[in-house]
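Worksheet: the structure to be examined is printed underneath.
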Amino acid sequence: IVMIQSPLSLPVTPGEPASISCRSSQSLLHSDGYNYLDWYLQKPGQSPQLLIYLGSNRASGVPDRFSGSGSGTDFTLKISRVEAEDVGVYYCMQPAQAPPYTFGQGTKLEIK
Amino acid sequence: EAQLVQSGGGLVQPGGSLRLSCAASGLTFSSNYMHWVRQAPGKGLVWVSRINGDGSDKIYADSVKGRFTISRDNDKNTLYLQMNSLRADDTAVYYCARDRPYSGSYNGFDYWGQGTLVTVSS
């Protein structure tokens, strides 16, 4: 499965919303009714951290300004109001049709 | 504190071998699937390998199949990646990551190690 993210670069003014798209070449909707799509954030110089799993479930400790939506092949990560600490590279990943597990190319969010 | 602590990276010549370790503390380990993910300098994340809780099921990316071996020692709460026949394009930061328990629901890769740099160069 190929995962395509857009945009690849996302300059955002603090306090403004941001949105990242992730499209998969095959459906990530499993027979159990869940969409197997994760979102990860890799802050500068750090390991990736889980933000969203199963398309729309926020991981423990993730602020509610982050939300995930979508189904099948089209997914979106939204940040309602960007903060300075949100800078980094955002990746979507599919575990639905593994192996292999595949990541998107990454979207670099920067503050204007 | 729940964490995965990695060790074992470094500089190795092409054709050489290296073993990475990932020690779990403060979190469940023995029943969980575990992964290795790598990131070449300035590039994105690439999945490498996965192992199930008891070590009986292992899968690999095509790029490392036959050269890398994933294993675990649940008595030591430690995950390993044995890397043989290393090539220049294996140069990357390698991360371990925890997945769901065998009988549990999927919750994403919820814990990641700090990463360890492997450089393959003569």
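Throughout, protein chains are lettered first and strands after them, A, B, ... in sequence-line order, and every chain is numbered starting at 1. The analysis underlying the following values was restricted to heavy atoms, covering all of them including side chains, and did not include hydrogens, waters or symmetry mates. From a predicted model like this one, the values you see are computed outputs, not experimental measurements.
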*Inspect the surroundings of NZ in B/Lys65 and state if more than 12 heavy atoms from other residues, nucleotides or ligands are less than 6.0 Å away.*
yes
*Between B/Asp110 and B/Arg100, is the closest basic N to carboxylate O distance under 4.0 Å?*
no
*Which portion of B/Asp99 sits near chain A, non-hydrogen atoms under 4.5 angstrom*: side chain
*Where does B/Tyr106 contact chain A at under 4.5 Å (heavy atoms): side chain, backbone, both or neither?*
both
*asked:* Run the ring pair (Phe, Tyr, Trp, His ring centres under 6.0 Å) test on B/Phe68 and B/Trp36 for me, step by step, so that the C-alpha distance in whole Å, both residues' side-chain angles and the decisive distance to 0.1 Å come before the verdict.
replied: CA-CA 11 Å; B/Phe68 290 12; B/Trp36 289 99; 9.8 Å; no
*asked:* Would the distance check show the side chain of B/Lys58 and the main-chain N or O of B/Ile70 forming a donor-acceptor pair, the cut-off being under 3.5 Å?
replied: yes
_B/Tyr95 and B/Arg38: CA distance, side-chain angles, deciding distance, side-chain hydrogen bond (donor to acceptor under 3.5 Å, both in side chains) verdict_ = CA-CA 6 Å; B/Tyr95 296 98; B/Arg38 69 184 181 183; over 6 Å; no
*asked:* Do the side chains of A/Lys112 and A/Glu16 get close enough for a salt bridge, i.e. N-O under 4.0 angstrom?
replied: no
*Pick from A/Tyr36, A/Trp39, A/Tyr40: which one has the most heavy-atom pairs with chain B under 4.5 Å?*
A/Tyr40
*Which bit of A/Tyr101 comes within less than 4.5 Å of chain B, counting heavy atoms only: side chain, backbone, both or neither?*
both
_Exam field: side chain B/Gln82 to backbone B/Thr69, donor-acceptor pair closer than 3.5 Å_ = no
*Contact origin within A/Asp38 toward chain B - heavy atom pairs under 4.5 Å*: side chain
*Sort B/Ile59 into side chain, backbone, both or neither according to what part of it lies under 4.5 angstrom from a heavy atom of chain A.*
side chain
_Region of A/Tyr34 that comes under 4.5 Å of a non-hydrogen atom in chain B_ = neither
*Quick one: what part of B/Val37 sits under 4.5 Å from any heavy atom of chain A, side chain, backbone, both or neither?*
side chain
*A/Gln42 portion near chain B, given a 4.5 angstrom heavy-atom threshold*: side chain
*Relative to chain B, which segment of A/Pro48 carries a heavy atom at a distance below 4.5 Å: side chain, backbone, both, or neither?*
both
